[in-house]
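The structure appears below as structure tokens.
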2 protein chains.
Amino acid sequence: MGTTAAPNKQAPQKTSAKAATPQPKTARGEATRRAILAAAERVIGEKGYNDASIGHITSEAGVAQGTFYIYFKTKEQVFSELVLEMGRLVRHSISESTATLTDHLDIEKAGLTAFLRFVRAHPNLYKIVQEALFVDPAAYREYYAKFASGYRVGLLAAVKKGQISEGDAETRAWALMGIARALGEQLVVFTTQKNIPELGDSAQELLANGLKP
Amino acid sequence: MGTTAAPNKQAPQKTSAKAATPQPKTARGEATRRAILAAAERVIGEKGYNDASIGHITSEAGVAQGTFYIYFKTKEQVFSELVLEMGRLVRHSISESTATLTDHLDIEKAGLTAFLRFVRAHPNLYKIVQEALFVDPAAYREYYAKFASGYRVGLLAAVKKGQISEGDAETRAWALMGIARALGEQLVVFTTQKNIPELGDSAQELLANGLKP
DNA sequence: TTGAAACATGAACGAGTATTCATGTTTTGC
DNA sequence: GCAAAACATGAATACTCGTTCATGTTTCAA
């Protein structure tokens, strides 16, 4: 949605995340850091933040425990970074699959199905965001605020173009976000066997015409 | 919504919750148990499950640590009970405020606003349900499954009465649930100062007519 | 009144774990 | 080739916290 594709080359990090440990200075360091981050994603995604110990993470990454603290100040920090990265990934995935579309209802449907595909492919990342509400509320809020803002921008533009009716963009944005989230949860938490295109169709139908007979 | 008002007199507990500690046998015992449960609600709601220690809970309840284990087998158990109770409370609150209504769109709006009022009044209970995904997934699923089932029943009935158009009831149910959840979260996690009736109006408008011009 | 059951206490146990640190190894710039 | 910087190690530290238990106190039925 209206979200700009985030630059991946890590410039001095402008969003949240306190004083970060200095970036690795060699290729080896960068590889190790990435390995730890990837391991953290798997382990935290599976066991949850609290049951995922540094020991678990480092052994999954194939490094010693102390190595962790060369790259991350605390356990919380690696988690926060995970949440930020995941946010970037979903938004990127969505904006990619809507980039060429012009009709807002098509955009909405494509965005939703892209989101659902992403969620099905990364069920652990989905759980991670949920847990951020407790571990790093700021990151959690940032995640959804960015999402909501993307929706709002798209809605306002579509109203201006006459593609959709007028209405409270803020509430609509949150409602749309809520629909996507709930359907995604249906897929990965309730492990429904629903197929994504059909879900997209049903949702678009509801979104376009509402419930009225 | 379609959910039956749950009996509050604790019959032998039919839902989840493993082998529970026997119910208290005297008035004193019952009062203590209730005090611990209430303290757990406050403490876990504030600090989250993992940072809420038994010590915190019992001292908030004004009893010794050991007393906790007279009434609850484990820390997890008190949490599970909290989630179940909260589910009962919301559903009851919603079904009460929709009981006299007959038009489905009115019911939907009244249910949503009742939910939002409840959430605003119990922001800590809201957080508790979220955390159940990690602490007691079964309770989490039960919570939302019951909600979804209520929605689905209501939708099917309304279609039969010709009050709303036809459409996939399951997906619609999850979408409606998602909307409610997102708007509730907007209130308590993002602490918007929005007023609830206006949110209800906007949402109903969207739900009734959709986005089409 | 009295004995038994229910309830209450808080100190102690044991297991787990985030973080640090002194010591090695590898890579880099020159 | 070599010093210095960067990276890696894993044992040790310094906790926290869930749970148990031996010992009291209160309540209740008869």
Side-chain angles (χ1 to χ4, degrees), chain A residues 10 17-44 46-82 131 134-136, chain B residues 10 17-44 46-82 131 134-136:
Chain A
Q10 317 240 122
K18 332 276 162 190
T21 351
Q23 295 290 117
K25 302 214 150 66
T26 73
R28 180 165 69 134
E30 190 139 342
T32 305
R33 195 190 139 95
R34 233 193 290 283
I36 293 172
L37 205 56
E41 181 184 316
R42 287 191 297 272
V43 176
I44 295 181
E46 243 178 60
K47 308 170 103 77
Y49 179 80
N50 272 283
D51 291 348
S53 71
I54 305 292
H56 289 140
I57 293 172
T58 51
S59 95
E60 172 85 12
V63 301
Q65 253 181 252
T67 306
F68 180 93
Y69 291 91
I70 296 174
Y71 299 102
F72 301 97
K73 257 201 157 43
T74 62
K75 189 182 170 187
E76 264 190 60
Q77 197 204 316
V78 80
F79 181 81
S80 302
E81 218 155 291
L82 235 43
E131 196 152 25
F134 303 95
V135 180
D136 185 349
Chain B
Q10 317 239 122
K18 331 276 162 188
T21 353
Q23 295 290 116
K25 301 218 150 67
T26 71
R28 180 165 70 132
E30 190 139 341
T32 305
R33 195 189 141 97
R34 233 194 292 280
I36 293 173
L37 205 56
E41 180 184 317
R42 286 191 299 270
V43 176
I44 296 181
E46 243 178 59
K47 307 171 106 77
Y49 179 80
N50 273 283
D51 291 350
S53 70
I54 305 292
H56 289 141
I57 293 172
T58 50
S59 94
E60 171 85 13
V63 300
Q65 241 174 267
T67 306
F68 180 94
Y69 291 90
I70 296 174
Y71 299 102
F72 302 97
K73 256 201 158 45
T74 63
K75 189 183 172 188
E76 265 191 59
Q77 197 205 318
V78 80
F79 180 82
S80 301
E81 218 156 292
L82 236 42
E131 197 151 25
F134 303 95
V135 181
D136 185 350

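Note on naming: letters A, B, ... go to the chains in the order of the sequence lines (proteins, then strands), and numbering restarts at 1 for each one. Being a predicted model, the structure only gives us computed values, none of them experimental.
- One interatomic measurement links the two molecules: CD of A/Q65 to C1' of C/dT19, which rounds to 9 Å at whole-angstrom precision.
- If you take NE2 on B/H56 and CZ on B/R42, they are separated by 14.0 Å, rounding to the nearest 0.5 Å.
- Closest-nucleotide positions on DNA chain D for B/T26 and B/D51 were compared, and the one nearer the 5' end corresponds to B/D51.
- Atom pair B/K75:NZ and C/dA15:P shows a separation of 19 Å (rounding to whole Å applied).
- The distance from atom CZ of A/F68 to atom P of C/dC21 is 17 Å, rounded to the nearest whole Å.
- Counting 5' to 3', DNA chain D first comes under 4.0 angstrom of a heavy atom of chain A and last does so at the ends given by D/dA6 to D/dG10.
- Of the inter-residue distances, the one linking A/Y71 atom OH with A/L37 atom CG reads 12.5 Å to the nearest 0.5 angstrom.
- The side-chain heavy atoms of B/T67 and B/T58, taken from C-beta on, include no pair separated by under 4.5 Å.
- One atom, CD1 of A/I70, and another, P of C/dT27, lie 14 Å apart when rounded to the nearest Å.
- Residue contacts shown for B/Y71 are limited to sugar-phosphate atoms, with no base heavy atom under 4.0 Å away.
- Between B/I54 and A/P24, the one whose closest nucleotide on DNA chain D sits nearer the 5' end is A/P24.
- In this structure, CZ on A/F72 lies 10.0 Å from CD1 on A/I54, to the nearest 0.5 angstrom.
- Not one N or O on the side chain of B/K73 forms a donor-acceptor pair closer than 3.5 Å with the backbone of B/V78.
- To the nearest 0.5 Å, atoms CD (A/E131) and CG (A/L82) are separated by 11.0 Å.
- As judged by a 4.0 angstrom heavy-atom cut-off over every strand, A/A31 is placed among residues making no nucleic acid contact.
- Look at CZ on A/R28: it is 8 Å from P on C/dT26, rounded to the nearest Å.
- Comparing A/H56 and B/T67, the nucleotide of DNA chain C nearest to each residue sits closer to the 5' end for B/T67.
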